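Working notes, structure below.
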Amino acid sequence: DPATSDELAAEKRRADAAEEKAAEQEQRAQTAEEKAAEQEQRARNAEAEAEADRECSDAQHEELVQLKAQCDNMATELNALHDSLLNDCLLYTSDAADEEDSVDLGGRRIIKKKKRRKKRMEERTKRETK
């Protein structure tokens, strides 16, 4: 019967269309799942990178703190050394001024020595004039 064969053909076309539509929907669902999985993976990667950055930043921060402490210690040592050298120099100058008459650092003895020379010269001139 031609009507039945037309109906069967139409029904087959509808079944094929429905099957094709279902396959398209399944493909779209699979694509959506893949996109969601990709986004999820990107989010995990971003979180892992952020964590690595935090760890790196923490490590760098700790290293900077240690370097600053070392610099502070070195500055303290340098200041102490500077003070020690300055005191040693001042003590040396002071000690040298109190040494024998041969010291030529502008200390008290040199001044006294000059005064003594002046007195000796005056005494010599007085003796010579007599």
Side-chain angles (χ1 to χ4, degrees):
D1 182 359
T4 311
S5 70
D6 286 341
E7 286 176 9
L8 285 174
E11 191 164 318
K12 176 143 174 47
R13 283 192 301 271
R14 281 193 296 269
D16 289 343
E19 194 176 299
E20 192 175 303
K21 189 175 182 180
E24 286 176 7
Q25 286 176 347
E26 188 177 324
Q27 182 65 34
R28 282 190 211 130
Q30 187 177 3
T31 303
E33 286 175 9
E34 288 172 359
K35 286 182 181 178
E38 286 174 12
Q39 286 177 343
E40 191 175 309
Q41 184 62 41
R42 276 190 236 127
R44 281 194 300 265
N45 290 346
E47 180 60 32
E49 287 175 14
E51 181 64 26
D53 287 345
R54 280 192 295 275
E55 287 175 7
C56 184
S57 294
D58 289 345
Q60 288 173 339
H61 176 74
E62 183 61 33
E63 185 178 352
L64 287 174
V65 167
Q66 289 175 357
L67 287 173
K68 184 183 181 309
Q70 289 175 355
C71 286
D72 290 345
N73 289 340
M74 291 173 77
T76 301
E77 289 175 14
L78 284 173
N79 284 334
L81 180 61
H82 176 265
D83 291 345
S84 173
L85 288 173
L86 184 60
N87 287 337
D88 288 348
C89 289
L90 290 175
L91 287 172
Y92 176 77
T93 303
S94 175
D95 290 346
D98 291 334
E99 291 294 328
E100 297 296 322
D101 290 342
S102 63
V103 174
D104 191 18
L105 295 174
R108 292 189 306 250
R109 296 251 182 215
I110 299 300
I111 296 168
K112 288 180 180 177
K113 187 175 177 182
K114 288 179 184 176
K115 287 181 182 178
R116 271 192 243 146
R117 281 187 189 162
K118 191 174 181 181
K119 283 183 182 179
R120 285 184 198 154
M121 293 293 274
E122 287 174 1
E123 288 175 3
R124 279 186 193 164
T125 50
K126 284 181 186 178
R127 275 188 265 153
E128 289 174 3
T129 55
K130 286 184 184 179

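Quick caveat, the model's predicted, so the values are computed rather than measured.
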Step by step, work out the side-chain contact (heavy atoms from CB on, under 4.5 Å) result for T31 and Q27. CA-CA 6 Å; T31 303; Q27 182 65 34; 3.7 Å; yes

Let's go through R14 and E11 carefully: what are the C-alpha distance in whole Å and the side-chain angles of both, what is the deciding distance for side-chain contact (heavy atoms from CB on, under 4.5 Å) to 0.1 Å, and is it a yes or a no? CA-CA 5 Å; R14 281 193 296 269; E11 191 164 318; 3.8 Å; yes

One pair to check against salt bridge (charged side-chain N to carboxylate O under 4.0 Å, His left out): R54 and E51. What are the steps and the verdict? CA-CA 5 Å; R54 280 192 295 275; E51 181 64 26; 2.8 Å; yes

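Taken from CG in D72 to CD in E77, the straight-line distance is 11.5 Å, to the nearest 0.5 Å. Distance NZ/K12 to CD/E19: 8.0 Å, rounded to 0.5 Å. One finds the CG atom of N73 at 10.0 Å from the NZ atom of K68 (value rounded to the nearest 0.5 Å).
In this structure, a donor-acceptor pair under 3.5 Å is present between the side chains of R44 and Q41.
For the pair E38 and R42, the salt-bridge criterion is met [side-chain N within less than 4.0 Å of a carboxylate O].
The closest side-chain heavy-atom distance from R127 to R124 is below 4.5 Å.
Sparse packing is recorded around CD of E26, with 12 or fewer heavy atoms of other residues, nucleotides or ligands lying under 6.0 Å away.
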